[in-house]
A.B. asks: 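The structure is given below, and queries will be raised subsequently.
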Amino acid sequence: MGDKYNWDKNVQPSVRRILDANLDRAREGLRIIEEWCRFGLNSIDLANECKQLRQEIGSWHGTELRMSRNTPGDPGTELTHPQEEHRSDVQQLLQVNFCRLEEALRVLEEYGKIYNSQMASACKQIRYRVYTIESGLLAYQRNQQLQNSYLYLVTSPQDKLIEIVEAALQGGLTLVQYRNKTANDITRLTEAQKLCQICRRYGALFIVNDRVDLAIAVDADGVHLGQNDIPINLARQLLGPQKLIGRSTTNPEEMRRAIQEEADYIGVGPVYETPTKLDKPAAGLEYVSYAVNNCPIPWFAIGGIDMQNCDEVLSSGAERVSVVRAIMQAEQPTLVTQYFLSQLNRYQALRSHNILPEKV
């Protein structure tokens, strides 16, 4: 009896303080995430899910736990770390707060087993739901950025690869694919790591061509697969649901399969003959017109597109284009990128005013 009395007297107040602090921590983290879902992503579904979880956690935060709080006597209020004083971008801010939330829920689950087993069980289930929200939010962000990207640079081997890509990013590029089919794996890994870091710095999406293993190794935003690469569902299993997967298509049947396999986007082409696809005859503008009327997911016209024929491609109905040589071999990649983006924006504005005729 005495031992139990001493345990209740000495341990229970500490457990209640731990639970109180972590209930606050979990709700604060959720609120930060919720605000971005609401105002940053304009996603009512994600914001509502965060709000519901926040209210569920709050339902366990009763008077007894709140009364146990002793902020002046808490030595942890003076603990800090330099990394806590700065956030490089919204992505890092969200990652930090997801970690904070998940750690708090784990603490609530374990200490809750002493205080209230029902609370412990509830926090365990909430933690699993938070993992799902985290994956969903990352996928949503990437898909939103994909939707808003109209120019797609596919790299080719160059001595000044990094400098060229960074110059294009300075011109407003938001989507880059690393493609090098001839280099050894060490070179590919090194180049992919550098490009991924640069794209992160400029807030651009970074995709790896063909190689799922390389995409995983550098934590790319996704992978682009050709018709002879691994199935999309296998790539999805390896990469996870939050990553982007694109597929090259050259005809309506390949497009239909890619959509059925739930590709996030597709390439439509080659529109013109191109040395990067020597084995592929030009699909022509007819395939572009077909995609206008039949492709419900984002698609990029690709293949031999440059500043001379870009207008022809856009007037055929394409809203997004992918280029290789036009930027990779340009003397001024920044200016060429800005030219393409200005053309894409101009056609987008014309379409919004129903000025361009619909292509059939």
Side-chain angles (χ1 to χ4, degrees), residues 1-38 40-41 43-81 83-84 87 90-141 237 239-243:
M1 177 67 77
D3 289 344
K4 185 178 187 306
Y5 172 79
N6 289 331
W7 188 91
D8 288 340
K9 180 180 178 181
N10 298 320
V11 178
Q12 279 284 25
S14 299
V15 170
R16 287 196 292 267
R17 288 177 62 193
I18 291 170
L19 294 173
D20 171 64
N22 282 277
L23 284 164
D24 275 337
R25 189 173 292 122
R27 294 170 71 189
E28 290 163 1
L30 262 173
R31 189 57 186 252
I32 291 169
I33 296 163
E34 179 186 333
E35 295 297 88
W36 181 249
C37 292
R38 178 183 174 186
L41 301 180
S43 172
I44 188 64
D45 292 334
L46 285 171
N48 189 53
E49 179 70 8
C50 289
K51 183 177 181 178
Q52 288 183 3
L53 289 180
R54 189 162 48 81
Q55 291 175 340
E56 287 183 36
I57 293 171
S59 68
W60 294 103
H61 209 173
T63 303
E64 182 181 53
L65 294 178
R66 293 178 181 276
M67 291 294 291
S68 67
R69 190 173 305 172
N70 180 15
T71 304
D74 181 2
T77 58
E78 298 181 3
L79 297 176
T80 186
H81 190 279
Q83 291 182 353
E84 295 179 354
R87 300 284 183 257
V90 172
Q91 184 174 353
Q92 187 195 29
L93 181 145
L94 293 172
Q95 287 177 340
V96 166
N97 279 279
F98 268 115
C99 290
R100 179 188 192 194
L101 169 59
E102 290 156 4
E103 289 170 357
L105 287 169
R106 184 64 179 181
V107 172
L108 290 168
E109 177 188 343
E110 291 301 317
Y111 282 94
K113 293 172 183 177
I114 298 173
Y115 179 77
N116 184 325
S117 61
Q118 290 181 323
M119 172 195 283
S121 179
C123 289
K124 179 180 180 179
Q125 294 306 314
I126 290 172
R127 182 161 53 85
Y128 292 145
R129 288 163 63 186
V130 167
Y131 293 150
T132 302
I133 291 176
E134 184 174 15
S135 295
L137 189 146
L138 290 172
Y140 186 92
Q141 282 186 295
Q237 290 176 30
L239 289 168
Q242 74 275 22
K243 301 287 187 172

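The analysis underlying the following values was restricted to heavy atoms, covering all of them including side chains, and did not include hydrogens, waters or symmetry mates.
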A.B. asks: In terms of side-chain geometry, is the basic nitrogen of E28 or R100 positioned less than 4.0 Å from the acidic oxygen of its partner?
C.D. replies: yes

A.B. asks: Is the backbone of I18 close enough, under 3.5 Å, to the side chain of N22 for a donor and an acceptor to pair up by distance?
C.D. replies: yes

A.B. asks: What heavy-atom pair brings G29 and N97 nearest, and what distance separates the two atoms?
C.D. replies: CA-OD1, 3.9 Å

A.B. asks: Rounded at 0.5 Å granularity, tell me how far CG in D45 sits from CD1 in I133.
C.D. replies: 11.0 Å

A.B. asks: Provide the closest heavy-atom pair for Q242 versus L138 in the form atom of the first, atom of the second, distance.
C.D. replies: CB-CB, 3.9 Å

A.B. asks: Of all heavy-atom pairs between A26 and L101, which one has the smallest distance, and what is that distance?
C.D. replies: O-CD1, 3.4 Å

A.B. asks: Could you check if a side-chain atom of R17 sits within less than 4.5 angstrom of a side-chain atom of R69, using non-hydrogen atoms only?
C.D. replies: no

A.B. asks: Kindly state each residue pair satisfying salt bridge (Lys or Arg N to Asp or Glu O under 4.0 Å) with at least one member in residues 52-61, sequence neighbours excluded.
C.D. replies: E34-R54, E56-R129

A.B. asks: Output yes when a side-chain donor or acceptor of Y115 lies under 3.5 Å from a complementary backbone atom of V15, and no otherwise.
C.D. replies: no

A.B. asks: Could I get the full list of salt bridge (charged side-chain N to carboxylate O under 4.0 Å, His left out) partners for E64, not counting sequence neighbours?
C.D. replies: none

A.B. asks: Distance from L46 atom CG to Q141 atom CD, nearest 0.5 Å?
C.D. replies: 9.5 Å

A.B. asks: Testing the basics here: between L239 and K243, what is the closest heavy-atom pair and its distance to 0.1 Å?
C.D. replies: O-CG, 3.5 Å

A.B. asks: State, to 0.1 Å, how close W60 and L65 come at their nearest heavy-atom pair, and which atoms those are.
C.D. replies: O-CD1, 3.5 Å

A.B. asks: To the nearest 0.5 Å, how far apart are CZ in R25 and CG in L108?
C.D. replies: 9.0 Å

A.B. asks: Tell me, yes or no, whether the heavy-atom count around Y111 atom OH, taken from other residues, nucleotides or ligands under 6.0 Å, exceeds 12.
C.D. replies: no

A.B. asks: Enter the distance from C37:SG to L30:CG here, rounded to the nearest 0.5 Å.
C.D. replies: 9.5 Å

A.B. asks: To check you understand the geometry: which heavy-atom pair defines the closest contact between E102 and R127, and what is its length?
C.D. replies: O-CD, 3.8 Å

A.B. asks: Any sub-3.5 Å donor-acceptor pair from S135's side-chain atoms to T132's backbone N or O?
C.D. replies: no

A.B. asks: Taking the side chain as everything from C-beta on, heavy atoms only, tell me whether K124 gets closer than 4.5 Å to S121.
C.D. replies: no

A.B. asks: Report the residues that fulfil salt bridge (charged side-chain N to carboxylate O under 4.0 Å, His left out) with R106, sequence neighbours left out, ordered by chain and then residue number.
C.D. replies: E109, E110

A.B. asks: Give, for atom CG of L19 and atom CG of D24, the distance between the pair rounded to the nearest 0.5 Å.
C.D. replies: 11.5 Å

A.B. asks: To the nearest 0.5 Å, what is the distance between CG on L137 and CD on Q95?
C.D. replies: 10.5 Å

